[in-house]
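Before any comments, here is the structure.
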Amino acid sequence: MGLLKNLSFLTSPFFIQQSTKVMSTKLKLYPYLLFILLGWMNPLSAQKISVDTTLVCPYLSPNIQGAYIDWGAGKRNKNSNCRSDSFDIIHYNLELRITNLRSKYIEGICELSFKAKLPMLKQIRLDLKQLKVDSVILANQQLAFNQEKKKDYFDINFPQDLDSSQVYKLRIHYQGVPKQGAWNGFYFSRDLAYNMGSSFDANPHNFGRAWYPCFDNFKERASYTFQVTSKAPLRAYCNGELTDEAVANGLVTRTWELEQPIPTYLSNIVIGEFVELNWWIHGQKDSIPVQIACLAEDTSKIINYFQHLDEAIATFEHWFGPYAWNKVGYTVVNGVNGAMEHATNITFSDRLLSSALFAEEFMAHELGHSWFGNQITCETSEDMWINEGFATYCEQLFWEKVYGEAYFKDQVQINRSWVLPHFHDTDYFSPPLAGAPHRYTYDARHIYRKGAMIAHNMRTYLGDSLFKQTMHGIFEAHKYQSINSERFCQAIETHSGRSFRYFFDDWVYKGGFPHLEIDSMQVNAKNGFYNIDFLIEQKLIGREKYYQNLPSSITFYDKHWNKYRIRVESSNQYTNIQAKLSFYPICTILNEDQILNDATLSYQRVYKGEETVKKKPSLFLKNLKVVVPEQDSALIRINYHIASPDTSQTEQFICSTQRFWSVEGIFTATTSINFQLELNEYIDFDLDGIPKTKLVLLYRPSDVVEWAEYTDYKVVNSLINPIAGYVQVNQAKKGDYCFGLKRQEK
C-alpha cells in the first residue's frame, strides 16, 4: 500500500490515527516532493500506556508476543485467525448490481464454497460491515442467521452437523450502502465506484467486509468469480481475467475470474467509463499481459508514467522469482491519495500521474506487493513489516535497476534519513519491527521505512547471490500462503543453508540501531606491505544488547586516490580487524558503499574549484561551501553520527550526548570548507534550557584527543524560533564536531 503525502492529505485517517502531534519544525524536504508531511509527524510517542499482554489468539508466536510487549503502547489488533480452525472458504462467487452511483447503493449475492474443518460444526461467523443480510440459503434451504446492529459480523446456524469431507455452497443475499471512509471501504466519486481493501483505523485492518460477506483476515485465501452489472457505458474491472461481457437494456454485466487464491483485502472492484492500454511484457517464464484502465484524458500520462514498468517486473523477477499472476493490472481512479495493491488490479490515484515521473516509485511499490503481500502475505498485522517493508525496499531495487548503483545508494540513505534522526527526539521511542500494535500497523516511518532498511541489511548479510537464491526458494515454497516472522526466519534458514536466528533477534524482535565507527588504527610497514590493525566500536541506539555479525566495509585510499575495499564483520562493543595493503592508506572510510543501514548518515563528494551545497537536511547541514585550489581536487565526506561521542564529559565542557559530526577525506590545508550545523530543540534536548548564545562548538582531531572549543565559528539564533538556529563553521578541518556548554555556564 502506498500513500501520497501532499497537503490535501492532512485530513486523511492516516495522519489522524498515526499522531495527534504535528511538529512543524521537523519538516524535511524529500528530493522528489514525496512524503512532504511525514517529517512533521512523530507517531511513535514515548508515552507508554497500558499494555494488553493477553493473547487474543494462541497462534501468535512467543517472539511476536514479546515484541508487542516491548512496544508498550496501544491496543492489539483483533486477530480473526483463531476461526481458521473451524472452516475454510475455497471460492467466492460475487454477483453485484451497482447501477446508480449517486445512490451509493449495492445489491449483491455472495456464494461461498467452503468446507468444515471441525467435527460437529453447527455455526460459522462471517464478517460484514454496515450492509444488511436478507437471506442465507444452503441447498435451497433457508438458514437461520443472527445479524446485530453495529456489529461487523453475523452468525449462520446450520440445522445439522456439517460433514468435513463435503464442499458446501452458501448463497447470501445482501444489500445497502457500503462503508466509506477517507481511506477505507467503498468509494463513490463522480462516475466512479471502487473499493480500498485495507483500512487504517478499522480493527482488524482487512476491509473486504465493507462490500461482501467474507472471512476477513490476512491468512484465509480463496479464488474468486466476479459478476458485476453496471449502467452503460460504465464497466467493471476486477481481479483476474475478463471471461465474459454481456450488454442488455443499457446494462453491462462483466465476469472476471481469479484462479489464484488471495486474502479478502486484496479483492477489488472498480466501475467507471475507462479506456484500456494493453500490451505484453516478456517475463522469466511467460509473456505477461499488462492492462492499464484509466479515463480517456489520462492516457498520455499513463504512457509516460509506466515507461519503466517492464524494468520493474524484470527487477523483481530477478530477485524474487517469476511473476505469479495472470496479468499486471492498474486501474486509475480519482478521489483518493496513493494506491492499493489489489492483486492484478492495483487501484492507483490519478494524482500520482505526471509528465515528470512524479512518484514513480508508487508504481514499483505496488508492483512489489505482487510478491510481498499478494504472493506471500503477513499472517497477522503484527507482521506487516514483511508486506510493507519489503515493498518499500522494492522501490529501491527498482531505482538500482533503472537509475544505477550510485542513485540506489543515495536512495538507501535517504530512506535511512527518514528514520534515524528521530531516534533522539524527546518524545520518540525505539520499538521492535515486529509486533506493532493496531495504531502503528501502517506507520510509514517505522513499518515501511525501517522495514526497508532491514530488508537491505538482510541482502547485505546474505550477499546478493544467496539473497536472490533464498528469495526464489521462499516464493516457490510458500506461494499463495501467509507467513509470519518466525516462519519467515525458518524459510530463510532453509533456503540459504545458514543460521539466521541472530539476525531476527537483533533486527526484527528488538528495537534500536547499532552505530559503527573506527575507534583506533595502527599502520606498520613490513617487507614492502602495510599491516593495518584497527578496532571497530559498536554503540547502541535505543537498546542495551549488542548486535552480532554486523557486516560492513572499509575502504582504503592511497595518495593517488586508488582504493582498496575489504568486507568486515563486527560483534559486541569492540571488534579487532587486521588488513594487509600494498600502499600506505592516507584515508580510511567505514561503510562507504552503504551496504549496512546503521545509525550514521553521510555525504561524500569530489570537489573542484568552488561549489556550494545549499542543504542536506538529513545531516542537519546547510550551505556547505568548498573552495579547492586551481588544478586540484578534494574528496570530502561529512558524517552525521546519531550517537554519543566516546567522551561526552571533560573538565571544561559538557558535550551533547545525542549526536556529533565528523569531517574526513582527501584534501589539503589550502582547501576551504565552510558549513552550517543546524540546532534542533527536539534533538539537542540534553542542552535544552540554555540560551543558544551560550552554546560552544567543540572539536577534536581524533577521539584520542580531548574536546576543545573550535577556533572559528559563530552561533546564530533563529529569528522565528528563539530556541533554534545554526552554528556557522569556518575553515573546517578533519576531525569531530559537536555542540556543548562550558561547565560554569550550565
N-O pairing of [X] and [Y] below 4.0 Å:
{"X": "Asp161", "Y": "Lys122", "answer": "yes"}
{"X": "Arg459", "Y": "Glu400", "answer": "yes"}
{"X": "Arg83", "Y": "Asp127", "answer": "yes"}
{"X": "Glu395", "Y": "Arg449", "answer": "no"}
{"X": "Glu311", "Y": "Lys401", "answer": "no"}

Could you list all the ring-ring contact (aromatic ring centres under 6.0 Å, His included) pairs where at least one residue sits in residues 151-176, not counting sequence neighbours?
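Sorted pair list: Phe114-Tyr168.
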
- Sequence neighbours excluded, which residues qualify as side-chain hydrogen bond (donor to acceptor under 3.5 Å, both in side chains) partners of Asp88?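 Partners of Asp88 under the side-chain hydrogen bond (donor to acceptor under 3.5 Å, both in side chains) test: none.
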
Open item on the list: Among residues at least two apart in sequence or on other chains, which ones pass side-chain hydrogen bond (donor to acceptor under 3.5 Å, both in side chains) with Asn334?
Closed with: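 Counting only residues at least two positions away or on another chain, Asn334 forms a side-chain hydrogen bond (donor to acceptor under 3.5 Å, both in side chains) with Ser189.
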
Heavy-atom pair with the smallest gap, counting every atom of [X] and [Y]:
{"X": "Leu138", "Y": "Lys169", "result": "CD1-O, 3.2 Å"}
{"X": "Gly197", "Y": "His342", "result": "N-NE2, 3.0 Å"}
{"X": "His91", "Y": "Tyr224", "result": "CE1-C, 3.3 Å"}
{"X": "Tyr194", "Y": "Gly335", "result": "OH-C, 3.7 Å"}
{"X": "His472", "Y": "Trp319", "result": "CD2-O, 3.3 Å"}
{"X": "Cys110", "Y": "Tyr212", "result": "SG-CD1, 4.4 Å"}

Does one side chain, of [X] or [Y], offer a donor that lies under 3.5 Å from an acceptor on the other?
{"X": "Glu257", "Y": "Thr225", "answer": "yes"}
{"X": "Asn345", "Y": "Thr331", "answer": "yes"}
{"X": "Asn146", "Y": "Asn157", "answer": "no"}
{"X": "Glu388", "Y": "His369", "answer": "yes"}
{"X": "Asn81", "Y": "Ser84", "answer": "no"}
{"X": "Glu220", "Y": "Asn217", "answer": "no"}

inquiry  = Let's go through Leu277 and Gln291 carefully: what are the C-alpha distance in whole Å and the side-chain angles of both, what is the deciding distance for side-chain contact (heavy atoms from CB on, under 4.5 Å) to 0.1 Å, and is it a yes or a no?
reply    = CA-CA 6 Å; Leu277 287 80; Gln291 180 182 84; over 6 Å; no

Starting at [atom1] of [X], measure out to [atom2] of [Y] and round the result to the nearest 0.5 Å.
{"X": "Asp163", "Y": "Leu121", "atom1": "CG", "atom2": "CG", "value": "11.5 Å"}
{"X": "Gln375", "Y": "Phe320", "atom1": "CD", "atom2": "CZ", "value": "11.0 Å"}
{"X": "Leu234", "Y": "Leu101", "atom1": "CG", "atom2": "CG", "value": "5.5 Å"}
{"X": "Glu366", "Y": "Asn374", "atom1": "CD", "atom2": "CG", "value": "9.0 Å"}
{"X": "Arg487", "Y": "Ile376", "atom1": "CZ", "atom2": "CD1", "value": "10.5 Å"}
{"X": "Ser370", "Y": "Tyr323", "atom1": "OG", "atom2": "OH", "value": "4.0 Å"}

What about the rings of His205 and Phe218, do their centers lie closer together than 6.0 Å?
no

Discussion item. For Phe408 together with Trp399, are the ring centres under 6.0 Å from each other?
Written reply: no

Inset, instruction - Walk me through it: do Glu360 and Tyr403 pass the test side-chain contact (heavy atoms from CB on, under 4.5 Å)? - result: CA-CA 12 Å; Glu360 186 182 21; Tyr403 299 111; 2.8 Å; yes

Fill in: Close side-chain approach of Leu258 and Ser223, heavy atoms under 4.5 Å
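A side-chain contact under 4.5 Å is absent here.
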
Legend entry - Full working for side-chain contact (heavy atoms from CB on, under 4.5 Å) between Leu309 and Ile281: CA-CA 9 Å; Leu309 179 62; Ile281 290 178; 4.0 Å; yes

Residues 226-236 vs side chain to side chain donor-acceptor pair (under 3.5 Å), sequence neighbours excluded, gives Asn93-Gln227, Thr229-Thr253, Arg235-Tyr237

- Task: Provide the full list of side chain to side chain donor-acceptor pair (under 3.5 Å) pairs with a residue in residues 277-289, sequence neighbours left out, each pair given once.
- Result: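 Of all non-adjacent pairs touching residues 277-289, those that pass side chain to side chain donor-acceptor pair (under 3.5 Å) are Glu276-Asn278.
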
| What's the verdict on side-chain contact (heavy atoms from CB on, under 4.5 Å) for Phe488 and Trp385, showing C-alpha distance, side-chain angles and the deciding distance? | CA-CA 12 Å; Phe488 193 26; Trp385 72 275; 3.9 Å; yes

Checking Phe215, Phe87, Tyr92 against Leu112 for side-chain contact (heavy atoms from CB on, under 4.5 Å), the one that qualifies is Tyr92

Keeping the roles fixed (side chain from Trp256, backbone from Ala236), state whether a donor-acceptor pair exists under 3.5 Å. yes

Those residues at least two apart in sequence (or on a different chain) that pass side chain to side chain contact (heavy atoms under 4.5 Å, CB included) with Lys129 are Asp152, Lys179, Phe207, Arg209

Give the C-alpha distance, both sets of side-chain angles, the deciding distance and a yes or no for side chain to side chain donor-acceptor pair (under 3.5 Å) between Gln175 and Asp134. CA-CA 8 Å; Gln175 60 180 303; Asp134 294 324; 2.7 Å; yes

